[in-house]
Amino acid sequence: MSGVIVTGPPKADAKDVDALAGFGVATVAEAMGRTGLLGPDIRPVQQGVRVAGTAVTVLSWPGDNLMIHAAVEQCGEGDILVVTTTSPSTDGMFGELFATALQRRGVRGVVTNAGIRDTQELRDMGFAAWARAVSSQGTVKATGGSVNVPIAIDGQVVRPGDVILADDDGVVVVPRERARATVEASEAREAKEARTRAAFLDGELGLDRYGLRETLVRLGVEYRSYEEYTGEGAGS
């Protein structure tokens, strides 16, 4: 297939990217109306790591990492490489050598809808990675593709310059023009959760705080004692 390498795409403001790094993926997705998640199959190869950065996107042929090599040149400080393929692939398209080159350029991590390898080395060097699969299967460098074009992962569109936030819970994409508003919505959500947390620590129940007792009644859910439910007498 032919392709294109787009240079100099617009990016989300760095201050907003860094602010989003202070929130969890779940918080940001909820703050955006439960949107933006790349899907549960994209999993981290490490634990306890959260990164946020601007997307450099790659569309590759399955089993071919030529366009990742091309994308390295387009990556810079604060970016996250986001890779997908034209059809499903679990081949190990990304490993320690790519991570070395990207880390040198200030890239914060990689997210791929395909496979990754050298996972121990990636953890040792502190290069964050999220992938659909872990596979030692190698790739070729023979087919054209594209860099810095809109791509789709699990139906979620990722454009170059969008914000990618990733942690132990998965990956979420924030459209670059919504970054500031999403920071503000995430701050409001965290403040609300802090109040709820304090209430729970004080003994309040979610049933009462969220008005869920009325919901149970509306749905016809009843409370019955064990004896009523089983038909057993108290003395039996």
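All of these numbers come straight from a predicted model, not from anything done at the bench.
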Residues that Phe23 engages under ring pair (Phe, Tyr, Trp, His ring centres under 6.0 Å), provided they are two or more places apart: none
Test item: side-chain donor near acceptor, Ser135 and Asp91, under 3.5 Å: no
Between Arg159 and Thr57: side-chain donor-acceptor atoms closer than 3.5 Å: no
Rounded distance (nearest 0.5 Å) linking atom CZ of Arg123 with atom CG of Asp118: 10.5 Å
Cluster check Val172, Val51: I/L/V/M/F/W/Y, side chain < 4.5 angstrom: no
Within one Ile-Leu-Val-Met-Phe-Trp-Tyr cluster: Met125 and Leu102, side-chain cutoff 4.5 Å: yes
Ion pair Glu30/Arg34, N-O distance below 4.0 Å: yes
N-O pairing of Arg132 and Asp154 below 4.0 Å: yes
Neighbour count >12 (heavy atoms, 6.0 Å) for atom CD, Glu73: no
Test item: side-chain donor near acceptor, Asp79 and Thr54, under 3.5 Å: yes
From CG (Asp41) to CD1 (Ile153), nearest 0.5 Å: 11.5 Å
Ionic contact status for Asp64 with Lys141, cut-off 4.0 Å: no
In one Ile/Leu/Val/Met/Phe/Trp/Tyr side-chain cluster, 4.5 Å: Ile80, Leu20: no
Under 3.5 Å donor-acceptor, Arg108 side chain and Ala52 backbone: yes
Parallel, tilted or perpendicular: ring planes of Tyr210 versus Phe200, cut at 30 and 60 degrees: perpendicular
Those residues that, when tested against Thr100, pass side-chain hydrogen bond (donor to acceptor under 3.5 Å, both in side chains) (two or more places apart): Glu96
Donor-acceptor under 3.5 Å (Arg105 side chain, Cys75 main chain): yes
ILVMFWY cluster, Ile151 and Val6 together (side-chain gap under 4.5 Å): yes
